[in-house]
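Accompanying notes for the structure given below.
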Number of protein chains: 2
Amino acid sequence: MSVDPVVDSPGEDSGRRRAVMADVAKLAGVSHMTVSRVINDHPAVSSATRERVLAAMAQLAYRPNIAARTLVTGRTRRLGVISVDTTLYGPASMLVAIERAARDAGYAVAIASLPALDRRALGDAVDFLTSQAVEGIIAITPHTTTMAALRHVPTGVPFVAVEGGKAAVPTVAVDQYLGAFLATRHLLALGHATVVHIGGPQDWYEAPERERGWRDALVAEDREVPEVVVGDWSARSGHEAAKQLLGIPGLSAVFVANDQMALGVLRALHEAQVSVPDDISVVGFDDIPEAAYFTPPLTTVRQDFGEVGRQGLDLLLEQVEGAPRSRRRRVIPPDLVIRKSTTVPLTRLDSP
Amino acid sequence: MSVDPVVDSPGEDSGRRRAVMADVAKLAGVSHMTVSRVINDHPAVSSATRERVLAAMAQLAYRPNIAARTLVTGRTRRLGVISVDTTLYGPASMLVAIERAARDAGYAVAIASLPALDRRALGDAVDFLTSQAVEGIIAITPHTTTMAALRHVPTGVPFVAVEGGKAAVPTVAVDQYLGAFLATRHLLALGHATVVHIGGPQDWYEAPERERGWRDALVAEDREVPEVVVGDWSARSGHEAAKQLLGIPGLSAVFVANDQMALGVLRALHEAQVSVPDDISVVGFDDIPEAAYFTPPLTTVRQDFGEVGRQGLDLLLEQVEGAPRSRRRRVIPPDLVIRKSTTVPLTRLDSP
DNA sequence: ATACGCCATGTTCACGTTAACAATGTTCGC
DNA sequence: GCGAACATTGTTAACGTGAACATGGCGTAT
């Protein structure tokens, strides 16, 4: 329990006041301007002087006052992230990736979570971050409502939406359509006559995209397109949706719009004594970390959320730093991860 | 595709430069000081003047320059959050709760994620946030290593650790010991002779605590204390641990240190044709949203992460705002959530 | 009627930094 | 050896806000 002697080391008068540039200057026997030059790596400082200044800075545990710097330079080097529900795996992953990349690029990240999904909440969040003087904002808002609200964001502050469909602002997103297409084609290639789809809530950008990919894959091979059952992304809703589907005669393959709902589906099928994949094949979407340990391990579509976050930051910095803005929309391809929840349908095994 | 006319409304000369206090003052025909008083709700402003100033502010879309304000007041109203892996459900939930509560209290939140779990990474993160002039820091670091590193945090900046055991700093945490005790006692009460424990990695604060609770519950009823098998929180490790346990004769109840590992356990048991709960009862820890939809729905210990986050913020603000600091450690009680993965053991049914 | 006090507002300054320009000393070319 | 270019350092002035103090006008108590 010894007293910690780190930092906050005594100034000359031990007056406890944080050292400022003038203090360093006095101790090093130079003007404050020379100290500023050392800090900003200005070339016009002799190495002898630089050493003296650095020593003084260390001795006083000097930290630059960023408020003063911001005031005079007009740059805050801060970015804002607006996010819906960072409890979800996707948004959480993107947030982490964004923060890492931002820090590497010398920016700090302030966050604002959305308490609701209406235009008002988005406006408040933008307002809040703007009042924090962020130089740019990344929104993780996979909802059509918030996407629409983006249209009303005050111009002037660089803005990027990740995982948010076609918007009035630059965007980075995983190709949901492609992922759904791949998943469905995988099931058809195994020999399933058609594929039932359990979709997500329609006010999320991903849901209609995934549905479209599924539908097009069926149409491309002239298959019947069954009715879509809609859930709300939760395991609970997947569980209920699956119970509805059990009555369908000949059902052998289900493409579920996310892994949580797929979990609910697996459970419902298990309860109904329906074997997966022998009786029914199931494909999910997202590849959450748990998916590989479902019963059975889930075939699903992996989205590289980290990459989405990094590219989103990249796109934002292009705007912030005024680089020649490249294309306004970047698309990340997903990967189909085949595990144990899909196989050849029984009907096909029966009649070769 | 019409041009958006919102905000950024034209200044008098449409010179595009952001309006400052002086501009508002001129337009309203007052001094900048009166504008400042209106902004800060100073009482000594006549309502007529106030109206005029507010109108001018609206017309110019004036936003106060927080850097200037910070410079003169010395207060940033910013807090920092350091977090391990916000991809995990617990940390993510706490982060959201902290941000909400902070914004409500008028503070902004900057984040710093830890790329590694050593003392160096923690030091860097603290350094980074300090350089951002945060007024306080909350660390979400459930590791004994980072906890130990907290000891070396520079004094002077208020600090709180959430979910981090006994530390050199004020702490808020769920009572892990109690949760484990409740879980184990529940199994014993059902009639199981003893309970096997699959523990978490020992360098996490929670792991030894949960193990201790489990052990004490067994000892309290004079039961045999089996060897602990250790996993790494992942479903994969739970799966492997369970395979090791299958050989144990008479095994009828398992207390797993988190829900993900419990998921792996459920899968391993399923693969081995062992019925849960009929052959073996399983209890998890955390109550992640998916737990209710495992096969079978998982009996587990719920932690109120939101509450931990809020209390953590509360504790931090006590320090920041210099209130009479209350106790330095707050403990949140967990809840046992009984679902379908636990029941009376077969042995007991056999011989009544 | 006058002085006192209070209310509303204005003036001046400081916060800590960087930009712009000024002022040294130093070296090099011819 | 002298002027010009250069390297190094210093001086001054912003940046936009809030604190502290100053000012003026008006009502009221005496």
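Below, chains carry the letters A, B, ... as their sequence lines are ordered, and counting in each starts from 1.
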Exercise. Starting at OG of Ser131(A), measure out to CG of Asn65(B) and round the result to the nearest 0.5 Å.
Key: 11.5 Å

Practice problem: Would you give the length of the straight line joining atom CD1 of Ile140(B) to atom CZ of Phe305(B), rounded to the nearest 0.5 angstrom? | Solution: 10.5 Å

Practice problem: May I have the distance from Arg75(A) (atom CZ) to dT17(C) (atom P), rounded to whole angstrom? | Solution: 19 Å

Quiz item: In whole angstrom, what separates His42(B)'s NE2 from dT9(C)'s P?
Solution: 11 Å

Quiz item: Is any side-chain nitrogen or oxygen of Thr34(A) closer than 4.0 Å to OP1 or OP2 of dG10(D)?
Solution: yes

Exercise. Please assess Thr130(B) against Arg63(A) for the test side-chain hydrogen bond (donor to acceptor under 3.5 Å, both in side chains), listing each intermediate value before the final yes or no.
Key: CA-CA 9 Å; Thr130(B) 307; Arg63(A) 307 297 298 260; 4.9 Å; no

Quiz item: Looking at Arg310(A) and Ala101(A), what are the two nearest heavy atoms and their distance?
Solution: CG-CB, 4.3 Å

Quiz item: Are a donor atom and an acceptor atom from the side chains of Thr171(A) and Arg328(A) found within less than 3.5 Å of each other?
Solution: no

Could you list all N or O pairs between the protein and nucleotides 23-25 of chain C that sit under 3.5 Å apart?
none

Exercise. Five pairs at each end of the helix from dA1(C)-dT30(D) to dC30(C)-dG1(D): take the axis at both ends and give me the angle between them to 10°.
Key: 40°

Exercise. Quick one: label Thr70(A) by what it contacts on the DNA or RNA (base, sugar-phosphate, nothing), any heavy atom closer than 4.0 Å.
Key: nothing

Quiz item: Does Pro170(A) offer a backbone N or O that forms a donor-acceptor pair with the side chain of Arg329(A) under 3.5 Å?
Solution: no

Dump the pairs, protein N or O against N or O of nucleotides 15-18 of chain D, anything under 3.5 Å, distances to one decimal.
| unit_1 | atom_1 | unit_2 | atom_2 | d |
| --- | --- | --- | --- | --- |
| dT17(D) | OP1 | Tyr62(B) | OH | 2.3 |
| dT17(D) | OP1 | Asn65(B) | N | 3.3 |
| dT17(D) | OP2 | Met21(B) | N | 2.6 |
| dG18(D) | OP1 | Asn40(B) | ND2 | 3.1 |
| dG18(D) | OP1 | Arg69(B) | NE | 3.1 |
| dG18(D) | OP1 | Arg69(B) | NH2 | 3.3 |
| dG18(D) | OP2 | Ser36(B) | OG | 2.6 |
| dG18(D) | O6 | His32(B) | NE2 | 2.9 |

Exercise. Establish, yes or no, whether the cationic atom of Arg78(A) lies under 6.0 Å from the six-membered ring centre of Tyr107(A) and within 45° of the ring axis.
Key: no

Self-check item: Thr49(B) OG1 to Arg37(B) CZ distance, which is reported to the nearest 0.5 Å
Solution: 11.0 Å

Exercise. Would you give the length of the straight line joining atom OG of Ser93(B) to atom CD of Glu163(B), rounded to the nearest 0.5 angstrom?
Key: 11.0 Å

Self-check item: Neighbour count >12 (heavy atoms, 6.0 Å) for atom CZ, Arg75(B)
Solution: yes

Self-check item: side-chain N/O Ser46(B) vs dC7(C) OP1/OP2, d < 4.0 Å
Solution: no

Exercise. Please determine which of Ile39(B), Asp23(B), Leu27(B) meets the side chain to side chain contact (heavy atoms under 4.5 Å, CB included) test together with Tyr62(B).
Key: Ile39(B)

